[in-house]
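Just so you know, these numbers use all the heavy atoms, side chains as well, and skip hydrogens, waters and symmetry mates.
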Amino acid sequence: MASDSETEKSMKEKKKMMALAPIAKPLAGKKLSKKSLKLVRKAAESKCLKRGVKEVVKSIRRGHKGLCIIAGNISPIDVITHVPILCEEADIPYFYVSSKEELATAGVTKRPTCCVLVTTKPAKGELESEVQQKLQSEYDQVVSDVKELASSLF
């Protein structure tokens, strides 16, 4: 017999899955979500992160490269439907995470965030070589996992 806390957790998980948009594919699993949110946090600390639809779209159109992470529980879905198309045209890997709140927390902002673009170069200034290498290695690892996830999907 399951305890009350376990049933509450399973109910929350079901609600999260119900709130996901039908276009949220490829959707990251727990392990990839955790790894990518950790990368988002490090990118935010080193100022290598673009937050929000407007900023992400502007960066992609300007030719910036990176990794696009999109929240899967956006309502209305029309807000983000054009972002995956832009990413595919610009050859930028993208994937969905289950929660916009988790994405905002990782991006060090209080407001829920629809999408973020993780770059390896800061907007202004330079990073220390040690920090740059650490960020680049985590970035490469997540990108390879995303490409593997996308190839298994399509």
Side-chain angles (χ1 to χ4, degrees), residues 9-125 127 131 134-154:
K9 282 184 182 179
S10 66
M11 292 296 284
K12 284 182 182 180
E13 288 293 320
K14 285 181 182 177
K15 283 184 181 180
K16 266 188 182 181
M17 294 308 285
M18 292 294 287
L20 283 178
I23 66 162
K25 290 182 178 60
L27 181 66
K30 285 185 180 181
K31 191 174 181 182
L32 181 58
S33 288
K34 193 172 185 178
K35 204 184 289 187
S36 62
L37 292 175
K38 191 175 177 184
L39 173 68
V40 168
R41 173 152 301 196
K42 285 191 178 182
E45 289 169 358
S46 57
K47 308 233 184 311
C48 297
L49 189 70
K50 305 289 183 188
R51 297 175 190 90
V53 176
K54 195 173 182 181
E55 206 172 329
V56 168
V57 168
K58 192 189 307 181
S59 295
I60 292 172
R61 287 197 173 136
R62 286 184 177 167
H64 297 191
K65 295 290 181 182
L67 172 68
C68 188
I69 303 171
I70 308 168
N73 63 343
I74 301 300
S75 178
I77 194 68
D78 297 345
V79 174
I80 58 164
T81 52
H82 64 288
V83 175
I85 297 166
L86 285 173
C87 288
E88 286 176 7
E89 288 174 352
D91 198 34
I92 294 174
Y94 71 93
F95 67 100
Y96 291 83
V97 291
S98 59
S99 171
K100 61 186 175 184
E101 290 81 13
E102 289 176 359
L103 192 58
T105 304
V108 192
T109 131
K110 293 176 183 162
R111 300 233 15 178
T113 305
C114 292
C115 60
V116 295
L117 182 70
V118 178
T119 59
T120 54
K121 295 178 183 141
K124 294 179 182 173
L127 287 175
V131 175
K134 207 172 199 180
L135 183 67
Q136 184 70 43
S137 67
E138 282 191 37
Y139 173 85
D140 291 338
Q141 190 175 13
V142 171
V143 167
S144 67
D145 290 350
V146 168
K147 287 183 179 178
E148 187 178 304
L149 177 69
S151 67
S152 69
L153 187 66
F154 298 114

Distance, nearest 0.5 Å, that separates CD of E102 from CD1 of I69: 12.0 Å
For side chain to side chain contact (heavy atoms under 4.5 Å, CB included), just list the numbers for V118 and V142, CA-CA rounded to whole Å, side-chain angles, deciding distance to a tenth of an Å, and then say yes or no. CA-CA 11 Å; V118 178; V142 171; over 6 Å; no
To the nearest 0.5 Å, what is the distance between CG (N73) and CD (E101)? 5.5 Å
Please enumerate all residues that pass side-chain contact (heavy atoms from CB on, under 4.5 Å) together with A106, with sequence neighbours excluded. L37, V40
Has the side chain of Y139 got a donor or acceptor atom that lies under 3.5 Å from a matching backbone atom of G66? yes
Approximate separation, where rounding is to 0.5 Å, of L149 CG and L32 CG: 6.5 Å
Among residues two or more places apart or on two chains, list those pairs meeting side chain to side chain donor-acceptor pair (under 3.5 Å) that have a residue in residues 32-46. K35-D145, K42-E138
Separation between CD1 (I60) and CG (D91), nearest 0.5 Å, reads 11.5 Å
side-chain contact (heavy atoms from CB on, under 4.5 Å) partners for A44, two or more places apart: L49, R51, V108
Donor-acceptor contacts under 3.5 Å from residues 77-84 side chains, at least two apart:
{"from": "T81", "atom 1": "OG1", "to": "D78", "atom 2": "O", "distance (Å)": "3.4"}

Check P112 against A104 and note the closest heavy-atom contact, atom names and distance. CA-CB, 3.7 Å
Verify, without hydrogens or angle tests, whether T119 (side chain) and C48 (backbone) share a donor-acceptor contact under 3.5 angstrom. yes
Closest heavy-atom pair and its distance - E88, Y94: OE2-OH, 2.8 Å
Please name the pair of heavy atoms, one in L67 and one in P93, separated by the smallest distance, quoted to 0.1 Å. CD1-O, 3.5 Å
Does a side-chain heavy-atom distance below 4.5 Å link V146 with P26? no
How long is the straight-line distance from OH of Y96 back to CG of L20, given to the nearest 0.5 Å? 11.0 Å
Determine which pairs satisfy side chain to side chain donor-acceptor pair (under 3.5 Å) with at least one residue from residues 54-68, sequence neighbours left out, and list them in order. none
Taking all non-hydrogen atoms of both residues, which atom of C115 and which atom of L103 are closest, and how far apart? CA-CD2, 4.0 Å
